[in-house]
Amino acid sequence: MAEVKKIAVIGSGVMGRQIGMVAAVGGFESVVQDISADAVAQAEQDMRTWLDGRVTKGRMTSEEAEAVWSRIRFTTDLPTAVGDADLVIEAATEKLDVKRSIFAQIDELAPAHAILTTNSSTYGSSFVADATKRPEQVCNMHFFNPALVMKAVEVVRHEKTSDETIETVMAVAKQMGKDPVLLNKEIPGFVANRLMGAIRTEAINLYEQGIASVEDIDTAAKSALGHPMGPFELMDLVGIDVTYLIRQATYEVTGDESEKPHPLITEKYEAGEFGRKSGKGWYDYA
């Protein structure tokens, strides 16, 4: 099994910056890269604030926090980020052309032994593996939002992924303190999102039919099913734009009309009502 010491995360959005911090907390040298200098600066500020908060709450000593901080870097330069990486985690937007372009670039820049993974929750790694010359070293490593809290990581292989690659990625996830779930076959949405998608679809249908309010449906999910958040609260947290793009990408993969975003999701997406990030979604955060 390949030894992983250095991890590069491509994309410094909400997921990318958290994955980078998860790697650093897990003892790996970590670098978070993004083409946007503003995004990188925001990521660095957010992660420093998170780390300081751990110290304030007594969950980490100052020495431990500084040790973690010394293991994480932020950059806009892709060659610097992946040039000496043992594992690369792509956490860019859910747009296939963007992902394929990134994988073609990191394949050229990363060491020959490096494993290349995608955090995509929609596209199986076979959609990007053929953009590289190392398809056997490509798989999904799908974290859940918020990655600093959620324990699950879905590791998804495609037909050419090697056993060594899977063993290594599963071991890395465990060292990060995660509970990896292995999928031996690709399927759009993987396991957790397919389960959650069924609940989300039913919740929207119940609301659309006037059976119950958004608030009461969320209450039922929490009080009766023991969910930490209701489906509407979760959509607002993750981002209704993310939910829309994932459903749209799944439809493009399967061609199944039932996989398209629900009309109410599309309506909110087009109105820019993305949830917490925009100040309004299913709930008003103004």
Side-chain angles (χ1 to χ4, degrees), residues 11-19 39 42-43 46 49-50 53 91-96 98 119-123 142-154 187-254 256-286:
S12 69
V14 172
M15 287 301 292
R17 65 187 67 171
Q18 290 193 52
I19 294 170
Q42 185 63 57
D46 284 358
T49 299
W50 177 85
T93 184
E94 286 289 286
K95 294 181 179 179
L96 186 56
V98 174
N119 181 55
S120 177
S121 58
T122 305
Y123 296 108
H142 174 226
F143 293 77
F144 291 82
N145 188 25
L148 284 161
V149 177
M150 301 295 282
K151 300 283 283 184
V153 171
E154 292 175 321
I187 184 170
F190 311 148
V191 172
N193 278 343
R194 290 182 74 87
L195 294 173
M196 190 60 228
I199 294 172
R200 180 176 60 237
T201 297
E202 185 61 24
I204 296 174
N205 286 338
L206 289 169
Y207 168 70
E208 186 179 36
Q209 293 168 33
I211 292 169
S213 67
V214 164
E215 293 83 358
D216 284 344
I217 294 169
D218 277 349
T219 296
K222 291 182 287 186
S223 299
L225 304 180
H227 293 188
M229 300 182 74
F232 294 103
E233 290 174 317
L234 184 58
M235 279 186 273
D236 276 1
L237 175 65
V238 172
I240 291 173
D241 55 331
V242 174
T243 299
Y244 173 87
L245 291 171
I246 288 173
R247 295 291 296 191
Q248 188 64 33
T250 301
Y251 165 68
E252 291 170 3
V253 170
T254 65
D256 185 346
E257 291 286 328
S258 68
E259 299 283 10
K260 279 187 172 181
H262 192 283
L264 291 183
I265 293 288
T266 300
E267 183 180 306
K268 287 192 173 295
Y269 176 78
E270 292 177 348
E273 296 176 2
F274 299 154
R276 290 180 180 272
K277 68 175 73 175
S278 68
K280 185 178 182 182
W282 295 107
Y283 292 89
D284 191 333
Y285 301 93

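All values reported here derive from a predicted model rather than from experimental measurement.
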Sequence-distant partners of Thr243, side-chain hydrogen bond (donor to acceptor under 3.5 Å, both in side chains), two or more places apart: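 Expected list: none.
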
Closest heavy-atom contact between [X] and [Y]?
{"X": "Leu264", "Y": "Glu208", "value": "CD1-CB, 4.2 Å"}
{"X": "Tyr269", "Y": "Phe274", "value": "O-CE2, 3.4 Å"}
{"X": "Gly275", "Y": "Ile240", "value": "N-CD1, 4.4 Å"}
{"X": "Val191", "Y": "Glu154", "value": "N-OE2, 3.1 Å"}
{"X": "Gly230", "Y": "Ala221", "value": "CA-CB, 4.1 Å"}
{"X": "Ile246", "Y": "Glu94", "value": "CG1-CG, 4.4 Å"}

Hey, are Glu273 and Ser278 close enough side-chain-wise for a donor-acceptor pair under 3.5 Å?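 Absent: no donor and acceptor within the cut-off.
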
Looking only at the side chains, is there a donor atom on one of Glu259 and Thr254 sitting less than 3.5 Å from an acceptor on the other?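 Glu259 vs Thr254: no donor-acceptor pair found between side chains.
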
For Leu237, is there any backbone N or O sitting under 3.5 Å from a side-chain donor or acceptor partner on Arg276?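 Not at all, since once roles are kept as given, no pair shorter than 3.5 Å links the two residues.
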
Please tell me if the side chains of [X] and [Y] come closer than 4.5 Å, counting only heavy atoms from C-beta onward.
{"X": "Thr266", "Y": "Lys260", "result": "no"}
{"X": "Ser120", "Y": "His142", "result": "no"}
{"X": "Arg247", "Y": "Ile265", "result": "no"}
{"X": "Glu257", "Y": "Tyr251", "result": "yes"}
{"X": "Glu233", "Y": "Lys222", "result": "yes"}
{"X": "Phe143", "Y": "Met150", "result": "no"}

Kindly list each side-chain donor-acceptor pair under 3.5 angstrom involving residues 279-286, sequence neighbours excluded, with atom names and distances?
residue: Tyr283; atom: OH; partner: Asp218; partner atom: OD2; Å: 2.6
residue: Asp284; atom: OD1; partner: Ala286; partner atom: N; Å: 2.8
residue: Tyr285; atom: OH; partner: Asp236; partner atom: OD2; Å: 2.8

So how far is it from [X] [atom1] to [Y] [atom2], rounded to the nearest 0.5 Å?
{"X": "Met15", "Y": "Thr93", "atom1": "CE", "atom2": "OG1", "value": "13.0 Å"}
{"X": "Thr122", "Y": "Lys95", "atom1": "OG1", "atom2": "NZ", "value": "13.5 Å"}
{"X": "Leu234", "Y": "Met229", "atom1": "CG", "atom2": "CE", "value": "6.0 Å"}

Could you go through the side chain to side chain contact (heavy atoms under 4.5 Å, CB included) check for Arg194 and Ile187 one step at a time? CA-CA 9 Å; Arg194 290 182 74 87; Ile187 184 170; 3.6 Å; yes

Under 3.5 Å, sequence neighbours excluded: what are the donor-acceptor pairs made by side chains of residues 197-206?
residue: Thr201; atom: OG1; partner: Gly197; partner atom: O; Å: 2.9
residue: Asn205; atom: OD1; partner: His262; partner atom: NE2; Å: 3.4
residue: Asn205; atom: ND2; partner: Thr201; partner atom: O; Å: 3.3

According to the interplanar angle, ranging from 0 to 90°, do the rings of Tyr207 and Phe232 count as parallel (below 30°), tilted (30 to 60°) or perpendicular (above 60°)?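 Answer is perpendicular, since the angle exceeds 60°.
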
Given Val153 and Phe144, is the side chain to side chain contact (heavy atoms under 4.5 Å, CB included) satisfied, shown in steps? CA-CA 7 Å; Val153 171; Phe144 291 82; 6.0 Å; no

